[in-house]
Number of protein chains: 2
Amino acid sequence: MTTRARQSVRRRQVLSREQIIASAIELLDDGGEGALTVRALTERLATGTGAIYYHVGTRDELLDAATETVIAAALAARTDPASPAPEDEIRATALSLFGAIAEHAWLATQLTTQFARRPSGPVTVGIFERIGRQVRALGVPQAAWFSATSTLVHYILGAVSQHVRFERDAHGAPGDVGREKFLGDVAAAWQDLDADAYPFVRAIAGQMREHDDREQFLSGIALILDGIARLR
Amino acid sequence: MTTRARQSVRRRQVLSREQIIASAIELLDDGGEGALTVRALTERLATGTGAIYYHVGTRDELLDAATETVIAAALAARTDPASPAPEDEIRATALSLFGAIAEHAWLATQLTTQFARRPSGPVTVGIFERIGRQVRALGVPQAAWFSATSTLVHYILGAVSQHVRFERDAHGAPGDVGREKFLGDVAAAWQDLDADAYPFVRAIAGQMREHDDREQFLSGIALILDGIARLR
DNA sequence: ACCTGAACACCGTTCAAGT
DNA sequence: ACCTGAACACCGTTCAAGT
């Protein structure tokens, strides 16, 4: 009887923090940051606005929680049992983050915000820890740990954010036509720039159209790893 | 008489696009992106909401225009008559952008957005052109122009964005006390992390507290330039 | 403890109307 | 051409009230 009473009390809680965050991520994925409104969320969850504030707090806190959830999942996916070379581990972590931002375009802006606003939060600290351990494993002298790790992390976040747009346009279009069209349009716009003012951008318009996102991302990482190797 | 008539007609235009953008930048500097509301702007300019839309368009377009104005000024400041070494020019451009984001913290998020949303806009193209010319001058083979330039640009934007928070806290506090306190708080939080889960972050907490933003920013650039030098 | 939903103080944007 | 400002359709957040 006590059990029954407890159950009926428990059954009243139909919402959980996790459920709310999951629905928020769906809204963000579908329509970007603007699509996450408290009202859209309550409608999807068939509840009232107060329930959101009871379980997670303000909209900003919900945005933080969504970011933490997605990044934690992306980092957790990289727990290789065999211990690979540090360079491979860095590349793999970078590609995990690359993939996460490609799937969740809203992360690009949100990560910038989190790094600035919450430097001791789980997102900032989680990414630093993962990359930093590999920097240490590379044999970088301790005095350069912070600097070398920061450089890698900054590059990864910056690079990955710009590639989002390309990835986004690739989605929803059959056979990558959307992506090709988008890159073609950008390349054409670059080609049409004033020849005196923008000779360099005009010169690389072709490379920009033909480039492979992941390949170029990895070549940037390779370049930085080369620089780090010289610190040893 | 015709002059007088013309003058009276002209005098009716009391607002200009430039004026609106300048006021918008002031609001953004004072209170961040949230402080730029159409109503706050019309109040400061003693006008109606319609006037904003007549001269510049929507709030998003105003945000774009503000970003373009600040970045154009930052890039224009770097027109050295003597032609310095490419490495120096890259460092100088990077520091110009560093300074611009330090003064206008809202740029951090806004630049990410612009690069993704308007890859052929003046901001994206202007930064690429400035950095790219120096990459070319470094003797990098043409096949690597786009890749090397992208790596530098991504690092600069990523790194500069994270340092904003530190710079911001330095402002308004006498004798840099705010910045030191902020860094001390972050370092303390890093130090308090779980020893098993975050050994690396705990190990670099001290370096993080002592680090000099500009120095570290430049050492990241030096690291990438080292990597680029090996492409030659 | 958990949730509802009306109410409040804001938003961005439009557009008929004025000069 | 340039500008006004009421009106509209939204926001995020709070909080008394319910169970």
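This structure is a prediction, so every number in the text was calculated from the model and none was measured. Here is how names work: the chains are called A, B, and so on, in the same order as the sequence lines, proteins then strands, and each is numbered from 1.
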For this session: Check every atom of D/dG12, D/dC2, D/dG5 against the side chain of B/His55 and return the nucleotide holding the closest atom.
Result: D/dC2
For this session: Would you kindly give the CD1-to-P distance between A/Ile52 and D/dT14, to the nearest whole Å?
Result: 14 Å
Problem set entry | Distance in angstrom units between A/Arg17 CZ and C/dC2 P, rounded | 14 Å
For this session: Give the rounded distance in Å between these two atoms: CG of B/Asp60 and P of C/dC11.
Result: 16 Å
For this session: Would you please classify the geometry between the B/Tyr155 ring and the B/Phe217 ring as parallel, tilted or perpendicular, with 30° and 60° separating the classes?
Result: parallel
Exercise. Is D/dA1 paired to anything, Watson-Crick or G-U wobble with both distances less than 3.5 Å, and if yes, which nucleotide?
Worked result: C/dT19
For this session: Give the rounded distance in Å between these two atoms: CD of A/Glu33 and C1' of D/dC11.
Result: 13 Å
For this session: State which of D/dG12, C/dA6, C/dC3 makes the closest approach to the side chain of A/Arg59.
Result: D/dG12
Exercise. For the residue pair A/Phe128 and B/Phe200, is the inter-centroid distance of their aromatic rings smaller than 6.0 Å?
Worked result: no
For this session: State which of C/dT14, C/dC11, D/dT14 makes the closest approach to the side chain of B/Thr37.
Result: C/dC11
For this session: Return the nucleotide paired to D/dT13: Watson-Crick means purine N1 to pyrimidine N3 with N6-O4 or O6-N4, wobble means G-U with N1-O2 and O6-N3, both under 3.5 Å.
Result: C/dA7
Exercise. Quick one: B/Tyr53 OH to D/dC3 P, roughly how many Å, whole number?
Worked result: 16 Å
Exercise. When we call it a touch if two heavy atoms are under 4.0 Å apart, what does B/Leu36 touch: a base, just sugar-phosphate, or nothing?
Worked result: sugar-phosphate
Exercise. In whole angstrom, what separates A/Arg39's CZ from D/dA9's C1'?
Worked result: 11 Å
For this session: With heavy atoms under 4.0 Å as the rule, sort B/Thr58 into base, sugar-phosphate or nothing.
Result: sugar-phosphate
Exercise. Does B/Glu129 reach the main-chain N or O of A/Val201 with its side chain, forming a donor-acceptor pair under 3.5 Å?
Worked result: yes
Seminar exercise, completed: Between A/Gly34 and A/Gly50, the residue closer to the 5' end of DNA chain D by nearest nucleotide is A/Gly34
Exercise. Does A/Glu33 reach the main-chain N or O of A/Trp106 with its side chain, forming a donor-acceptor pair under 3.5 Å?
Worked result: no
For this session: Would you indicate what A/Ala46 reaches in the nucleic acid, counting non-hydrogen atoms under 4.0 angstrom: base, sugar-phosphate, or nothing?
Result: sugar-phosphate
Seminar exercise, completed: A/Leu62 CG to D/dT13 P, in whole Å, measures 10 Å
Exercise. Is there a side-chain contact between A/Leu28 and A/Gln110 (heavy atoms, below 4.5 Å)?
Worked result: no
Exercise. In whole Å, what is the span from the OH atom of A/Tyr54 to the P atom of D/dA16?
Worked result: 17 Å
